[in-house]
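Heavy atoms only: backbone and side chains are in, while hydrogens, waters and symmetry mates are out.
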Amino acid sequence: MGKYQETTVYSTKNLIGMGLIIAVLIGWLAIERDSYISGTPSFLGLGYILFFSCLLIWRYGVRYTYQITDQELSITSRFLWFAPTVIIPLDSIETYSNRYVKQYFKRAGMSRYLYRYSSGDGRPTRIVVFKDKDKMNAVLFKVSDQFMEKIRLKIGEGT
């Protein structure tokens, strides 16, 4: 069948939310600037602004590429010059779901969750559970129904 690939798709609603967060951070920065000028700087406030700015960049600035081939599912995170890739062999996938239900998977005893999606992506969160070194792990990502159908077909083929 070859390979199938998708990338992060940003939704307008989520980008508007990001814009509001940026506006709040700019307003907060203006307040901190005024307090610095008046002689009462708050370095803790500046630290919070830096922290939330980095968090915003991490949740919205990273672009993900999801690719499925006959042997593996790979997820590449791209930000500036960094491009780490998570590769999951299809034969190590235990289960997958079109819906992520947190309580169900917490009770299943996952060793590790990998979050590989942008908050700006409007698609639903999907989950793939796989075995790595005899431990159950899960990866959360946002892809289309068509991509999940490709996973279902690949897993069903027993590759």
Side-chain angles (χ1 to χ4, degrees), residues 1-28 48-159:
M1 184 196 272
K3 81 176 180 181
Y4 182 75
Q5 180 175 316
E6 288 186 4
T7 58
T8 301
V9 177
Y10 294 102
S11 73
T12 307
K13 179 183 127 190
N14 292 345
L15 290 178
I16 289 171
M18 181 188 66
L20 292 174
I21 293 170
I22 290 172
V24 168
L25 285 173
I26 290 172
W28 192 0
Y48 277 129
I49 291 171
L50 179 64
F51 171 73
F52 286 118
S53 297
C54 290
L55 187 63
L56 185 71
I57 289 169
W58 173 58
R59 297 304 292 163
Y60 287 91
V62 179
R63 189 170 198 80
Y64 295 93
T65 302
Y66 311 101
Q67 182 177 345
I68 188 165
T69 64
D70 291 330
Q71 293 84 26
E72 64 191 19
L73 167 67
S74 66
I75 302 171
T76 304
S77 313
R78 295 189 191 283
F79 180 70
L80 297 176
W81 59 87
F82 299 108
T85 301
V86 174
I87 297 174
I88 303 166
L90 292 180
D91 58 358
S92 70
I93 294 177
E94 295 288 321
T95 186
Y96 59 92
S97 177
N98 285 330
R99 276 186 335 141
Y100 169 57
V101 181
K102 189 174 191 175
Q103 294 303 329
Y104 172 75
F105 289 103
K106 275 194 168 196
R107 281 185 246 135
M110 298 295 142
S111 296
R112 184 174 69 153
Y113 283 93
L114 301 171
Y115 296 86
R116 295 295 184 258
Y117 62 88
S118 172
S119 293
D121 198 333
R123 297 178 290 193
T125 304
R126 319 297 181 129
I127 187 167
V128 168
V129 178
F130 63 99
K131 208 173 238 189
D132 184 32
K133 299 177 186 167
D134 294 329
K135 291 186 177 182
M136 299 298 282
N137 297 309
V139 62
L140 300 168
F141 57 102
K142 293 187 176 189
V143 292
S144 68
D145 291 334
Q146 188 176 19
F147 193 89
M148 289 306 288
E149 181 65 19
K150 299 285 184 189
I151 290 177
R152 185 185 71 75
L153 290 173
K154 295 290 185 180
I155 301 300
E157 291 174 0
T159 57

**Request:** Output all residues satisfying side chain to side chain contact (heavy atoms under 4.5 Å, CB included) with F79, sequence neighbours left out; order by chain, then residue number.
**Result:**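 With sequence neighbours excluded, F79 shows a side chain to side chain contact (heavy atoms under 4.5 Å, CB included) to I57, V62, given in chain and number order.
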
Residue set satisfying side chain to side chain contact (heavy atoms under 4.5 Å, CB included) with Q67, at least two apart, ordered chain then number -> K3, Q5, T69, S74

To the nearest 0.5 Å, atom CD1 of I88 lies from atom CG of D132 at 9.0 Å

Taking all non-hydrogen atoms of both residues, which atom of [X] and which atom of [Y] are closest, and how far apart?
X    : Y   : answer
S53  : L25 : OG-CD1, 3.8 Å
S144 : Y4  : OG-OH, 4.4 Å
R63  : T8  : NH2-O, 3.4 Å

If we only count heavy atoms from C-beta on, is the [X] to [Y] side-chain gap below 4.5 Å?
X    : Y    : value
M18  : L15  : yes
Y64  : V86  : no
I127 : Y113 : yes
I68  : I151 : yes

Item to complete: Assess whether atom OH of Y115 is packed by more than 12 heavy atoms of other residues, nucleotides or ligands within 6.0 Å.
Response: yes

- Query: Is there any side chain to side chain donor-acceptor pair (under 3.5 Å) pair reaching into residues 116-127, and which pairs are they, with sequence neighbours excluded?
  - Reply: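 Sorted result for residues 116-127: E6-R123, R59-S119, N98-R126, D121-R123, R126-D145.
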
#### Entry: Pairs where residues 122-143 contributes a residue and the test ring pair (Phe, Tyr, Trp, His ring centres under 6.0 Å) is met, not counting sequence neighbours
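Output for this query lists Y66-F141.
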
Original post:
Can you name the residues that form a side chain to side chain donor-acceptor pair (under 3.5 Å) with T85, not counting sequence neighbours?
Top reply: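 Partners of T85 by the side chain to side chain donor-acceptor pair (under 3.5 Å) criterion, ordered by chain and then number, come out as T76.
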
Could you pull out all residues at least two apart from E149 that satisfy salt bridge (charged side-chain N to carboxylate O under 4.0 Å, His left out)?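 With neighbours one apart ignored, the set is R152.
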
